[in-house]
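Along the sequence shown, the residues carry numbers beginning at 1. Note that the coordinates shown come from a computational prediction; the quantities given were computed from them, not determined experimentally.
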Amino acid sequence: MSNNLDIFKKIESKVEFGISMMTLCLTTGPLKRRILISLSLVNNLLNVILSANHLVLNFHGKLTTNIMGSAVIVFGSSQIVLKNFSTYFYRENLLELFRWTQSLHNKQQNGVLKVITEESLLKYDKLWIILFKITHGAIFVTCFVFGVNNIVKGDAGVLFRFPFISMNFVYYSELMVSLQLICVCISGIITITSDLGIVYIGMEIMSTLDVLHYFILSYKDRTPKKIDFLEVVTRDHSAIIEKINHFNNAIYMLSFTQFVTSTLLCLIAFADISMNSKSPIGYLIALCSMSQLFLPCLFGEFIKIKTERLSISLYFINWYNMNRKDQNNFIVILGLMQRTYGVKAAGMYNVDIYTFIQIVKMASSYCAILLAVNN
């Protein structure tokens with residue numbers, strides 16, 4: 001367990017900071033953290049205002065790659081702000097779930113359950129660290145390409161319009177390109193850091209599902225002679241379902257906001273690629289937008305699969321060798337496990353791969369309509 005705790009201590013502060021940033025925790029916590037969260041909110045609002053100002057002054061009824069670039073910043077930064085406010089009132093729910101993840105690493109267990117828990121927690125903690133490195137690396141690469149592309153374009157690469165700086169200023173283009181690069185990089189880091197805080201909670205839920213699955217499998221070739229087995233399975237399954245429902249409540253509006261804004265970003269990215277297939281920016285925007293859609297849907301799909309396989313695992317133990325009382329209890333537990341559980345957006349829409357495919361198809365259809373109207 002010491003190895004687990006060492007790794008968890010390395011990521012604990014990052015996860016807590018991500019949740020605090022996502023929920024705009026401006027009144028509690030260290031002063032440095034509150035200042036960073038305040039500056040991140042100001043940065044995103046500045047992105048929306050300056051890029052929207054550029055859109056209003058430069059859109060003349062015809063879509064261009066420059067207009068699409070400003071639209072991406074408007075919707076991307078608006079997405080972050082909307083996600084912040086959609087989780088603001090659910091802060092305590094998320095913090096309670098975070099404290100639950102902390103308790104998992106400090107929980108004292110014995111026997112086979114202890115070994116399975118340690119292995120599962122270690123696996124998902126390492127996976128989160130890898131995901132953290134990959135996503136931050138992807139953000140830096142995207143920002144670098146974004147900056148170089150706008151520098152090469154010159155005036156056409158300016159996506160901001162600052163109201164207090166004259167366009168006749170000698171270094172106006174260079175100043176705007178530098179400003180938008182800094183602001184966009186900060187926004188990218190903010191959204192990744194915030195999302196990964198929520199992702200970690202989801203991964204811990206998957207970890208507990210794996211623990212219960214492998215614990216049940218450990219009894220596959222032997223008969224559970226004591227009622228303790230059924231008690232453990234019932235207790236842990238009920239606790240996991242409670243956390244899934246709690247998680248759904250915590251991200252009630254967050255998931256819906258993510259779906260709507262990511263769909264709009266995909267639409268803009270597809271339109272940008274159609275208008276200028278040689279520009280790498282459209283592909284990067286499409287990749288980032290689709291990743292924001294795909295990863296939550298993939299997580300929801302995993303949750304659904306992992307909850308469904310529990311009933312299958314339980315069925316294959318030697319339940320027929322149990323006494324009559326335990327068999328009756330087994331049937332009740334099996335019935336509970338056969339219910340489908342998963343992640344929902346706004347409590348209505350299933351978050352799974354099927355939903356992802358439907359959203360991408362819808363974004364593609366609207367993109368075709370938008371381009372037809374533009375032409």
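Between I241 and I244, the closest side-chain pair of non-hydrogen atoms falls below 4.5 Å. The shortest distance between side-chain heavy atoms of F85 and L24 falls below 4.5 Å. By the 4.5 Å heavy-atom criterion applied to side chains, L50 and L179 are counted as neighbours. Here the side chains of T117 and F215 are not in contact, with every heavy-atom distance at 4.5 Å or above. Using a 4.5 Å heavy-atom threshold, the side chains of S194 and I80 count as separate. In this structure, C183 and L46 have side chains that are in contact, with non-hydrogen atoms separated by less than 4.5 Å. Between F146 and L181 the shortest side-chain heavy-atom distance falls below 4.5 Å. Side-chain atoms of F160 and N47, non-hydrogen and from C-beta on, do get closer than 4.5 Å to each other.
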| said: Quick one, S187 with N43, criterion side chain to side chain donor-acceptor pair (under 3.5 Å). Give me CA distance, side-chain angles, the key distance, then yes/no. | reply: CA-CA 7 Å; S187 293; N43 176 80; 3.0 Å; yes

| request: Before giving the answer on side-chain contact (heavy atoms from CB on, under 4.5 Å), spell out for D236 and V211 the whole-Å C-alpha distance, their side-chain angles and the decisive distance to 0.1 Å. | output: CA-CA 9 Å; D236 288 359; V211 169; 5.7 Å; no

| task | Please test F132 against H136 for ring pair (Phe, Tyr, Trp, His ring centres under 6.0 Å), starting from the C-alpha separation and ending with a verdict. | result | CA-CA 6 Å; F132 181 89; H136 280 76; 4.1 Å; yes

| field | Derivation of the side chain to side chain donor-acceptor pair (under 3.5 Å) call for S120 and S207 | value | CA-CA 6 Å; S120 182; S207 175; 2.8 Å; yes

| request: Could you walk me through whether F294 and I353 pass the side-chain contact (heavy atoms from CB on, under 4.5 Å) test, one step at a time? | output: CA-CA 7 Å; F294 179 72; I353 297 299; 3.7 Å; yes

| query | Going through the distances and angles, do I333 and M337 end up as a side-chain contact (heavy atoms from CB on, under 4.5 Å)? | reply | CA-CA 6 Å; I333 298 169; M337 285 190 172; 4.2 Å; yes

| task | Before giving the answer on side-chain contact (heavy atoms from CB on, under 4.5 Å), spell out for N150 and Q180 the whole-Å C-alpha distance, their side-chain angles and the decisive distance to 0.1 Å. | result | CA-CA 10 Å; N150 289 335; Q180 67 195 28; 3.2 Å; yes

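With hydrogens and angles ignored, the 3.5 Å screen pairs a side-chain donor or acceptor of N58 with a backbone N or O of H54. For S70 (side chain) and L159 (main-chain N/O), a donor-acceptor pair under 3.5 Å exists by modelled atom type. In this structure a side-chain-to-backbone donor-acceptor pair under 3.5 Å is present from T101 to F98. Of the possible donor and acceptor atoms, none in the side chain of T234 sits under 3.5 Å from a partner among the backbone N and O of E231. In terms of modelled atom types and a separation under 3.5 Å, the side chain of S262 and the main chain of F259 share no donor-acceptor contact. Checked by atom type and distance alone, the side chain of N53 never pairs as donor or acceptor with a backbone atom of I49 at under 3.5 Å. T307 places a side-chain N or O within donor-acceptor distance of the main-chain N or O of K304, the cut-off being under 3.5 Å.
The distance from the NE2 atom of H246 to the CH2 atom of W100 is 11.0 Å, given to the nearest 0.5 Å. Taken to the nearest 0.5 Å, the NZ atom of K14 stands 6.5 Å off from the CH2 atom of W128. Summarising the geometry, atom CD1 belonging to I11 is positioned 12.0 Å from atom NZ belonging to K126; distances are rounded to the nearest 0.5 Å. Distance check, rounded to the nearest 0.5 Å: CG of L45 to OG of S78 gives 9.0 Å. Rounding to the nearest 0.5 Å places CD1 of I37 at 11.5 Å from CE of M22. One distance of note links OG1 of T135 with CG of L196; it measures 4.5 Å at 0.5 Å rounding.
Pairs passing the salt bridge (Lys or Arg N to Asp or Glu O under 4.0 Å) check and including a residue from residues 73-89, sequence neighbours excluded, read K83-D195.
Aromatic ring orientation, H105 versus F8: parallel (interplanar angle below 30°, classes split at 30° and 60°).
By the 6.0 Å contact criterion, NZ on K10 is open, its count of non-hydrogen atoms from other residues, nucleotides or ligands being 12 or less. For F330, the CZ atom is densely surrounded, since the number of other residues' heavy atoms within 6.0 Å is greater than 12.
Note on D125 versus K9: no salt bridge recorded, every NZ/NE/NH1/NH2 to OD/OE distance being 4.0 Å or above.
Applying the side-chain hydrogen bond (donor to acceptor under 3.5 Å, both in side chains) test between Q79 and each of T257, N44, T261 identifies T261 as the sole match. For the side-chain contact (heavy atoms from CB on, under 4.5 Å) with C25, the qualifying choice from R33, R34, R91 is R91, the only one to do so. Test D210, L212, I240 against K306 for side-chain contact (heavy atoms from CB on, under 4.5 Å) and you get one pass: D210. No option in T355, N350, N245 other than N350 meets the side-chain hydrogen bond (donor to acceptor under 3.5 Å, both in side chains) test with K344.
Residues L310 and L336 do not share a hydrophobic cluster, clusters being chains of Ile/Leu/Val/Met/Phe/Trp/Tyr side chains in contact below 4.5 Å. Neither Y88 nor L82 shares a network with the other; the hydrophobic side chains, linked directly or stepwise wherever heavy atoms of I, L, V, M, F, W or Y lie under 4.5 Å apart, form separate groups for each. Under the 4.5 Å side-chain heavy-atom criterion for ILVMFWY residues, no single connected hydrophobic cluster contains both F75 and V56. Taking hydrophobic clusters as Ile, Leu, Val, Met, Phe, Trp and Tyr residues chained together by side-chain heavy-atom distances below 4.5 Å, Y354 does not share a cluster with I359. Residues F299 and I357 share a single hydrophobic cluster, defined by chaining ILVMFWY side chains whose heavy atoms lie under 4.5 Å apart.
The heavy-atom pair separating L26 from S38 by the smallest distance is CD2-OG, 3.4 Å. Shown here for P296 and V351, the closest heavy-atom pair between the two residues is O-CG1, 3.3 Å. The shortest non-hydrogen separation linking V232 to L113 is CG1-CD2, 4.3 Å. Shortest non-hydrogen contact noted between L293 and C266 is CD1-SG, 3.8 Å. Shortest non-hydrogen contact noted between A250 and L94 is CB-CD2, 3.7 Å. Between S51 and I73, the shortest heavy-atom contact is OG-CG2, 3.7 Å.
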